[in-house]
Protein chains: 2
Amino acid sequence: MKKGTTIHCHRFFTNLSNPTRLAAIEQLINKPMSVTELAEALCQEQSMISHNLKPLLDCNILTAHREGKKRVLTVNLETIIPIFNAIENHATKFCPTSRKCQKEDLK
Amino acid sequence: MKKGTTIHCHRFFTNLSNPTRLAAIEQLINKPMSVTELAEALCQEQSMISHNLKPLLDCNILTAHREGKKRVLTVNLETIIPIFNAIENHATKFCPTSRKCQKEDLK
DNA sequence: AGTTTAAATGAATATTTATTCATATGTAAC
DNA sequence: GTTACATATGAATAAATATTCATTTAAACT
């Protein structure tokens with residue numbers, strides 16, 4: 001394993017280990033949208049979305065461009081889709097019935 | 001995205017968003033070893049390793065088999081290697097110089 | 001320049017997660 | 001069965017992260 005991988009992985013996993021941020025990504029996979037639209041779609045306060053967006057943007061999991069007054073967010077599909085697929089495959093293959101992998105208190 | 005993916009991903013990312021657990025995985029990529037050996041290799045208390053191993057075993061990121069008195073841990077390379085590679089590629093391609101992705105207070 | 005809408009920031013609090021230490025359980029060899 | 005080694009567990013504390021709310025900054029349109 002290349003040097004530096006662990007640090008990148010730690011930050012990457014930390015950024016994604018949060019239900020709000022995962023929900024945001026899930027929304028943005030369907031279509032790019034602005035901060036306010038995202039807040040509405042997720043029934044969350046704008047400031048909460050903003051706070052949570054920051055680490056995802058810093059890590060280039062999301063990118064943003066301006067459209068008029070809005071800042072439109074786009075998910076980096078090239079990175080996210082293969083990783084989500086890999087986890088889904090893992091779940092299918094190695095955790096077919098496991099309750100332990102699923103019991104979850106997602107809000 | 002398949003239903004259930006978000007839950008699996010959340011648990012998966014949470015399990016990996018921890019420096020102790022990542023260090024354990026990094027060790028085990030080199031070679032399988034017992035809980036005590038791992039504790040020694042990482043200069044950590046055995047109980048801390050045990051606590052941290054549990055979620056990784058529950059999610060089948062690690063598996064364990066007994067050898068005499070020891071419980072030998074093996075990392076699920078089929079899952080872990082592609083994901084680590086994907087993150088490394090992401091870092092190379094999208095965060096070539098970014099300090100934000102690297103500044104880190106890993107202990 | 002002033003107004004409006006959009007988004008970011010900061011600081012306080014709440015919540016979650018990690019770590020430690022003491023102890024219990026398990027497993028194998030004697 | 002008793003001893004010794006290996007690992008797991010529980011409960012308390014410490015530390016990290018998330019959330020909220022009030023406020024500020026920013027951009028675009030008039």
Side-chain angles (χ1 to χ4, degrees), chain A residues 6-7 9-25 27-28 32-59 61-74 100-101 103-107, chain B residues 6-7 9-25 27-28 32-59 61-74 100-101 103-107:
Chain A
T6 298
I7 272 184
C9 288
H10 181 221
R11 187 155 281 289
F12 198 92
F13 291 132
T14 299
N15 286 342
L16 294 178
S17 67
N18 172 292
T20 303
R21 291 194 288 272
L22 281 176
I25 290 170
Q27 276 293 327
L28 294 171
M33 56 177 83
S34 73
V35 179
T36 302
E37 287 166 339
L38 196 51
E40 279 164 7
L42 302 178
C43 305
Q44 299 282 0
E45 293 215 357
Q46 172 271 319
S47 73
M48 170 152 165
I49 298 300
S50 241
H51 278 301
N52 277 291
L53 252 24
K54 188 172 189 315
L56 297 175
L57 288 161
D58 285 348
C59 263
I61 291 167
L62 301 182
T63 54
H65 70 275
R66 191 160 280 277
E67 281 183 18
K69 288 186 185 171
K70 302 189 168 176
R71 198 174 176 221
V72 176
L73 304 158
T74 305
K100 290 171 185 170
C101 263
K103 79 159 172 257
E104 184 52 285
D105 22 29
L106 274 181
K107 284 166 274 187
Chain B
T6 298
I7 272 185
C9 287
H10 181 221
R11 187 153 281 290
F12 197 92
F13 291 132
T14 298
N15 286 343
L16 294 178
S17 66
N18 173 291
T20 303
R21 290 194 288 272
L22 280 175
I25 290 170
Q27 276 294 326
L28 295 171
M33 56 178 83
S34 73
V35 179
T36 302
E37 286 165 338
L38 196 51
E40 280 164 6
L42 302 178
C43 304
Q44 299 282 0
E45 293 215 357
Q46 172 272 318
S47 73
M48 168 152 168
I49 298 300
S50 239
H51 278 301
N52 277 291
L53 252 25
K54 188 172 187 316
L56 297 175
L57 288 161
D58 284 348
C59 263
I61 292 168
L62 302 181
T63 55
H65 70 273
R66 192 160 280 279
E67 281 183 19
K69 287 185 188 173
K70 302 190 167 174
R71 200 175 174 219
V72 176
L73 303 157
T74 305
K100 291 172 186 168
C101 262
K103 77 158 175 259
E104 184 52 286
D105 23 29
L106 275 180
K107 281 166 272 183

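Reminder, nothing fancy here: chain letters follow the sequence lines and each chain counts from 1.
Between A:His65 atom NE2 and C:dA6 atom C1' the separation is 15 Å, expressed in whole Å. Between the CG atom of B:Leu57 and the C1' atom of D:dT9 there is a distance of 15 Å, rounded to whole Å. Atom CD of A:Gln44 and atom C1' of D:dT20 are 11 Å apart (whole Å). Atom P of nucleotide D:dT17 and atom NE2 of B:His10 are separated by 13 Å, given to the nearest angstrom. In this entry the distance linking CE of B:Met48 with C1' of D:dA14 reads 13 Å, nearest Å. Per the geometry, CD belonging to B:Glu40 stands 13 Å off P belonging to D:dC5, to the nearest Å. Protein atom CZ of B:Arg21 is 12 Å distant from nucleotide atom C1' of C:dT19, rounded to whole Å. Rounding to whole angstrom units, CD1 of residue A:Ile49 and P of D:dA18 are separated by 13 Å.
Side-chain nitrogen and oxygen atoms of A:Asn18 include none within less than 4.0 Å of the OP1 or OP2 phosphate oxygen of D:dT17. Side-chain nitrogen and oxygen atoms of A:Asn52 include at least one within less than 4.0 Å of the OP1 or OP2 phosphate oxygen of D:dT19. Between A:Arg66 and C:dA7 there is no side-chain polar atom (N or O) within less than 4.0 angstrom of OP1 or OP2.
Positionally, the nearest nucleotide of DNA chain C for B:Ser17 lies more toward the 5' end than for the other of B:Gly68 and B:Ser17.
With D:dA18, D:dA28, C:dT17 as the choices, the nucleotide that has an atom nearest any side-chain atom of B:Thr14 turns out to be C:dT17. Comparing C:dA18, D:dA6, D:dT19 against the side chain of B:Lys69 picks out D:dA6 as the nearest. Here D:dT19 is the nucleotide among C:dT20, D:dA6, D:dT19 with the atom lying nearest to any side-chain atom of A:Thr20. Residue A:Glu45 places its side chain closer to D:dC21 than to any other of C:dA28, C:dA7, D:dC21. The side chain of A:Lys54 sits closest to C:dT9 out of C:dT20, C:dT9, D:dA4.
Note on A:Lys70: only backbone sugar-phosphate atoms sit closer than 4.0 angstrom, heavy atoms only; bases stay farther off. Contacts of B:Ser47 with the nucleic acid, taken as non-hydrogen atoms under 4.0 Å apart, include base atoms. The residue B:Thr36 sits close only to the backbone: its heavy atoms come under 4.0 Å of sugar-phosphate atoms, none of a base.
With B:Leu42 as the fixed residue, the side-chain contact (heavy atoms from CB on, under 4.5 Å) test singles out one of B:Gln44, B:Glu45, B:Glu40: B:Gln44.
Under a 3.5 Å cut-off, the side chain of A:Arg21 and the backbone N or O of A:Thr14 do form a donor-acceptor pair.
A distance of 11.5 Å separates CG in A:Leu56 from OG1 in A:Thr63, rounded to the nearest 0.5 Å. Between the CD1 atom of A:Ile61 and the OG1 atom of A:Thr74 there is a distance of 14.0 Å, given to the nearest 0.5 Å. Atoms OG and CD, on A:Ser34 and A:Gln46 in that order, are 10.0 Å from each other to the nearest 0.5 Å. How far CG of A:Leu53 is from CG of A:Leu28: 7.5 Å, rounded to the nearest 0.5 Å.
In this structure, the aromatic ring of B:His51 is positioned over the six-membered ring of the base of D:dT9, centres within 5.5 Å and planes within 30°.
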